[in-house]
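This report concerns only the one structure given below.
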Amino acid sequence: MWRLPLVAISFAALWLSTAMASPWPREAGERFNRAEFDAFWSEREGHAFRQLTTREYLEIGVGPALTIGGQLASVTQLAEGPGYIHERDGIVEADLFVTLHTEGGGPNASAWQFSGGLPTAKFDDQARVMGQDSYVGLAHLAGLSHGPWFTTTQLGARYSLGDDADQIRWNLSAGVQSNRFMVLLQSFNTVAVTSPEPTGVDFDLSQLSLSAVVKIRPRWRVEWGARVDAYTRGVTPGQSLFFSLWWAT
């Protein structure tokens with residue numbers, strides 16, 4: 001009875017902790033990188049789950065109306081409880097996206113993002129233990145800035161090309177920044193809207209994230225923060241601490 005919630009934790013911790021794409025365009029040829037290291041843990045009734053995630057995120061400006069990018073994530077997992085210990089590792093995310101900017105020359109920004117993911121699902125005894133099925137997605141991005149304050153939203157749908165449930169996703173960021181310092185409050189939300197196939201993943205999850213970003217060089221920043229599961233269905237709630245490096249070239 002415990003195995004399924006533990007397995008599902010790994011999908012939730014990965015899928016909802018990704019960096020949000022910017023609705024503002026980048027200059028042609030500009031590259032934005034974010035390397036994140038995330039430590040997630042959850043415990044219940046003598047059972048424990050630990051996961052260390054390394055994620056590489058990239059955006060490349062193609063022109064005033066187009067941005068391309070993607071992300072790659074790998075994990076090391078440990079699940080343990082009375083009579084069992086499971087250790088696993090592997091690549092679990094391999095995603096690409098194209099963002100078409102429809103407005104972004106001032107304080108307001110708007111864009112459409114088309115995305116797709118490669119299949120990374122892994123199985124043990126015919127049960128899914130990590131990874132995702134291939135998918136295609138469409139989302140609308142919007143941003144608003146006023147002085148040091150800014151907000152961004154991302155609302156979209158993800159259609160599974162495999163056994164996973166289709167999803168609706170809504171993410172929100174709000175922040176305040178100065179020349180050297182920024183505080184970010186983020187909410188990541190997903191709702192399954194179809195029934196999965198037997199080996200597919202099906203969950204609802206809402207996460208809250210708070211982080212601080214400090215400029216250490218003109219094009220380098222350091223971020224550290226924490227996330228907590230505020231609402232779950234089909235997964236055991238947990239929390240994580242994360243650290244990331246941002247740089248632009």
Side-chain angles (χ1 to χ4, degrees), residues 1-18 20 38-53 55 73-82 84-95 115 117 119-137 139 154-172 186-209 226-242:
M1 295 296 293
W2 177 254
R3 185 180 184 184
L4 290 178
L6 271 179
V7 170
I9 288 171
S10 64
F11 306 123
L14 280 166
W15 286 352
L16 293 186
S17 61
T18 55
M20 288 179 60
D38 180 285
F40 176 89
W41 71 96
S42 181
E43 296 184 9
R44 191 180 72 180
E45 299 174 358
H47 302 266
F49 180 84
R50 305 285 187 269
Q51 179 170 279
L52 179 63
T53 303
R55 177 178 290 103
S74 60
V75 301
T76 299
Q77 298 177 350
L78 173 64
E80 57 183 341
Y84 73 89
I85 297 178
H86 298 302
E87 296 184 59
R88 302 180 180 96
D89 61 78
I91 295 174
V92 290
E93 287 181 346
D95 306 325
S115 59
T120 59
K122 297 175 177 60
F123 297 84
D124 186 0
D125 294 332
Q126 298 182 337
R128 179 85 68 89
V129 295
M130 64 170 61
Q132 63 186 14
D133 287 331
S134 57
Y135 73 87
V136 292
Q154 180 175 323
L155 175 63
R158 176 176 289 192
Y159 175 74
S160 174
L161 301 178
D163 293 346
D164 296 340
D166 299 335
Q167 300 173 343
I168 296 294
R169 295 186 170 202
W170 177 63
N171 302 326
L172 172 67
Q186 296 179 287
S187 174
F188 301 95
N189 306 276
T190 191
V191 177
V193 294
T194 62
S195 298
E197 297 299 322
T199 62
V201 175
D202 173 28
F203 67 89
D204 299 340
L205 179 61
S206 177
Q207 285 185 317
L208 293 176
S209 170
R227 300 186 186 95
V228 62
D229 296 342
Y231 170 79
T232 66
R233 178 194 63 82
V235 295
T236 302
Q239 53 281 312
S240 66
L241 298 175
F242 63 91

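This structure is a prediction, so every number in the text was calculated from the model and none was measured.
A donor-acceptor pair under 3.5 Å is formed between the side chain of Thr120 and the backbone N or O of Gln132. In this structure, Gln239 contributes its side chain and Trp41 its backbone to a donor-acceptor pair below 3.5 Å. Without hydrogens or angle criteria, Asn171 side chain to Asn189 main chain gives a donor-acceptor distance under 3.5 Å.
In summary, Arg227 and Asp38 engage in a salt bridge, as defined by a charged side-chain N under 4.0 Å from a carboxylate O. The pair Asp133-Arg128 meets the salt-bridge criterion, since a charged nitrogen lies less than 4.0 angstrom from a carboxylate oxygen.
Here Thr76 pairs with Asp89 under the side-chain contact (heavy atoms from CB on, under 4.5 Å) rule; sequence neighbours left out. Residues satisfying the side chain to side chain donor-acceptor pair (under 3.5 Å) test with Asp163, not counting sequence neighbours, are Thr199. Applying the side-chain contact (heavy atoms from CB on, under 4.5 Å) test to Leu208 and every residue at least two apart in sequence or in another chain returns Ser187, Val228, Ala230.
The two atoms that bring Phe203 and Thr190 nearest to each other are CE1-CG2, 3.4 Å, heavy atoms only. Counting all heavy atoms, side chain and backbone alike, Thr236 lies closest to Ser42 at CG2-OG, 3.4 Å. Listed here is the closest heavy atom pair of His47 and Pro82: CE1-CD, 3.6 Å. Closest non-hydrogen pair, Ala192 versus Ala165, comes out as CB-CB, 3.9 Å.
In this structure, the separation between CZ on Arg50 and CD on Gln77 is 13.0 Å, given to the nearest 0.5 Å. Rounding to the nearest 0.5 Å places CG of Leu52 at 8.5 Å from OG of Ser74. Going from atom OG1 of Thr194 over to atom CG of Asp164 covers 9.0 Å, rounded to the nearest 0.5 Å. Of the inter-residue distances, the one linking Gln207 atom CD with Thr232 atom OG1 reads 10.5 Å to the nearest 0.5 angstrom. With rounding to the nearest 0.5 Å, the separation of CD1 in Ile168 from CG in Asp204 is 11.5 Å. Between Leu78 atom CG and Gln51 atom CD the span is 11.0 Å, to the nearest 0.5 Å.
In summary, the aromatic rings of His86 and Phe49 are positioned with their centroids too far apart to meet the 6.0 Å limit.
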Given Tyr135 and Asp95, is the side chain to side chain contact (heavy atoms under 4.5 Å, CB included) satisfied, shown in steps?
CA-CA 9 Å; Tyr135 73 87; Asp95 306 325; 3.3 Å; yes
For the pair Met130 and Arg88, evaluate side chain to side chain contact (heavy atoms under 4.5 Å, CB included) and give the outcome as yes or no after the intermediate values.
CA-CA 9 Å; Met130 64 170 61; Arg88 302 180 180 96; 3.5 Å; yes
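Side-chain contact, Ser160 with Asp166: no donor N or O sits under 3.5 Å from an acceptor N or O.
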